[in-house]
Amino acid sequence: MDKQDFYTQVYAIVKEIPYGRVTSYGAIAKSIGMPKSSRMVGYAMNASHDMPDVPAHRVVNRNGLLTGRMHFATPNQMEDLLVKEGILVKEHQVQNFEALFWDPFSLIN
DNA sequence: CCGTTGACGCCAT
DNA sequence: TATGGCGCCAACG
């Protein structure tokens, strides 16, 4: 797999995350077939700021923690966007994470 | 060319 | 249960 494809596929999956749902960096990496490259998913998100149709705020870490919040325009932007979608966020962490979690694998099935 | 740096996650303790 | 260590690997200086 080309590293260019990696970015492309990451964006393709993130675009499919349903409104009001979230997923994790690791889940995305795994669905692409590179389970060890979760860090690269985060890197891809950092480079997706000028891509309006890529909802990077719906990607959190495997514990539902908003680890990427510092990279948005303001530290509260990520949290605000999630709350706006009806997701309850407390202490920078998505509440009811298990129920809101969207598995990218469901895209394949 | 090479050491450092992370929007991460698994594993050992 | 909670930390800490470490593998991961593309950017960056």
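Convention: sequence-line order gives letters A, B, ...; per-chain numbering from 1. Side-chain atoms are counted along with the backbone in the values below, which use heavy atoms only and exclude waters and symmetry mates.
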For [X] and [N], give me the distance from atom [atom1] to atom [atom2], rounded to whole Å.
| X | N | atom1 | atom2 | answer |
| --- | --- | --- | --- | --- |
| A:H71 | B:dG6 | NE2 | C1' | 8 Å |
| A:N46 | C:dC12 | CG | C1' | 12 Å |
| A:L65 | B:dG6 | CG | P | 17 Å |
| A:K36 | C:dG7 | NZ | P | 12 Å |
| A:N63 | C:dT3 | CG | C1' | 13 Å |
| A:R69 | B:dC8 | CZ | P | 13 Å |

Donor-acceptor check, side chain of [X] to backbone of [Y], threshold 3.5 angstrom: yes or no?
| X | Y | answer |
| --- | --- | --- |
| A:H49 | A:H71 | yes |
| A:Y7 | A:S48 | no |
| A:Q77 | A:R69 | no |
| A:T23 | A:W102 | yes |

Practice item. Identify the two heavy atoms, one from A:I32 and one from A:Q9, that lie closest to each other, and give their separation to 0.1 Å. Key: CG2-OE1, 3.7 Å

Review point. Hey, is the side chain of A:H57 pairing donor to acceptor with the base of B:dA7 inside 3.5 Å?
Key: no

Practice item. Answer with base, sugar-phosphate or nothing: what part of the nucleic acid does A:Y43 contact at a heavy-atom distance below 4.0 Å? Key: sugar-phosphate

Exercise for review: Check every strand shown and say whether A:R62 touches a base, only sugar-phosphate, or nothing at a heavy-atom separation below 4.0 Å.
Suggested key: sugar-phosphate

Practice item. Please determine, for the side chain of A:N61, which listed nucleotide (B:dC8, C:dA11, B:dA7) has the closest atom? Key: B:dC8

**Study point:** Nucleotide nearest A:Y7 (side chain, heavy atoms from C-beta), chosen from C:dA11, B:dG6, B:dA7
**Key:** C:dA11

Revision key, fill the gap. Residues in residues 80-87 of chain A with a heavy atom under 4.0 Å of DNA chain B, by number, are none

